[in-house]
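Structure record follows, encoded as structure tokens.
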Amino acid sequence: MTQALFFLELSVAGRPRKPSAVKEAMGNPGKRASGKREPDPEYLQDLTPPEWLSDAARVVWAQEAPKFRKARLLSDVDVMAFAALCQSAADYRRAVVKTGDNDVKAKFAEDEDGNVREVGEHLNPWAMVKSMASKQMALWLGKFGGTPQDRTRVELNPQSELFPSDGKPQDPSAAYFH
């Protein structure tokens, strides 16, 4: 029995790679070779959230997963990343409720006579949670094309253009060279 070896390449420096489908849809203007071993996962059918998500994150999942699947941005292999997005969003929502309009709170201390006086201000700890959760949420949203700016980088390759009704494949570059 033969065993296949698979290597996972991670690029850490430089620009993020474009998926092959995006290069193909754009006509590959740079004419660089595309990744032939790139995974092509199935779109997520079962929208049941992972068991380990918090109750608040499950609410976010229920609200957002159908939208992302409809936009063809949520696949089977994206569950962990999408769950992280949902947890970040739930943490952000909780922190917004906890801080209200009070990102900065008054600091009180007792003087030598036992009187409590305001001695300054400090940052509400929930404001820090809100800030960190917002940053995490923005990062995950970007990975999924979840903002208008990020969506400009996501393109779908409509198969109908490659395989017209006559059944004969069409050269994808034909649309760019007349």
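Numbers for residues simply follow the sequence, beginning at 1.
- At most 12 heavy atoms of other shown residues, nucleotides or ligands fall within 6.0 angstrom of atom CG in Asp101.
- Taking CZ of Phe68 as the reference point, atom CD of Glu64 lies at 6.0 Å (rounded to 0.5 Å).
- The closest donor-acceptor contact from the side chain of Asp111 to the backbone of Asp113 lies under 3.5 Å.
- When hydrophobic clusters are built by joining Ile, Leu, Val, Met, Phe, Trp and Tyr residues whose side-chain heavy atoms come closer than 4.5 Å, directly or via intermediates, Val116 is not grouped with Val119.
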Which donor-acceptor pairs under 3.5 Å do side chains of residues 125-132 form with protein atoms, sequence neighbours excluded?
residue	atom	partner	partner atom	Å
Lys130	NZ	Thr99	OG1	3.4
Lys130	NZ	Asp103	OD1	3.1

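- Rounding to the nearest 0.5 Å gives a distance of 14.5 Å between NZ of Lys143 and CG of Leu73.
- Between Lys105 and His122, the closest side-chain pair of non-hydrogen atoms falls below 4.5 Å.
- Expressed to the nearest 0.5 Å, how far CD of Glu118 lies from CZ of Phe108 amounts to 5.0 Å.
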Atom pairs and distances, side-chain donor-acceptor, residues 49-57, under 3.5 Å, sequence neighbours left out:
residue	atom	partner	partner atom	Å
Ser54	OG	Ala57	N	3.2
Ser54	OG	Gln87	OE1	3.2
Ser54	OG	Gln87	NE2	3.2

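- Trp140 and Val59 end up in different hydrophobic clusters when Ile, Leu, Val, Met, Phe, Trp and Tyr side chains are linked at under 4.5 Å.
- The side-chain heavy atoms of Phe82 and Val60, taken from C-beta on, include no pair separated by under 4.5 Å.
- Contact of the Leu141 side chain with the Leu85 side chain is registered, since non-hydrogen atoms from C-beta on lie closer than 4.5 Å.
- Side-chain atoms of Ser88 and Asp91 form no donor-acceptor pair, as typed in the model, at a separation below 3.5 Å.
- The structure places OG of Ser75 at 12.5 Å from CZ of Arg69, a figure rounded to the nearest 0.5 Å.
- Judged as a side-chain hydrogen bond (donor to acceptor under 3.5 Å, both in side chains), and not counting sequence neighbours, the contacts of Asp46 are Thr48.
- Considering NZ of Lys107 and CG of Leu123, their distance stands at 12.0 Å, rounded to 0.5 Å.
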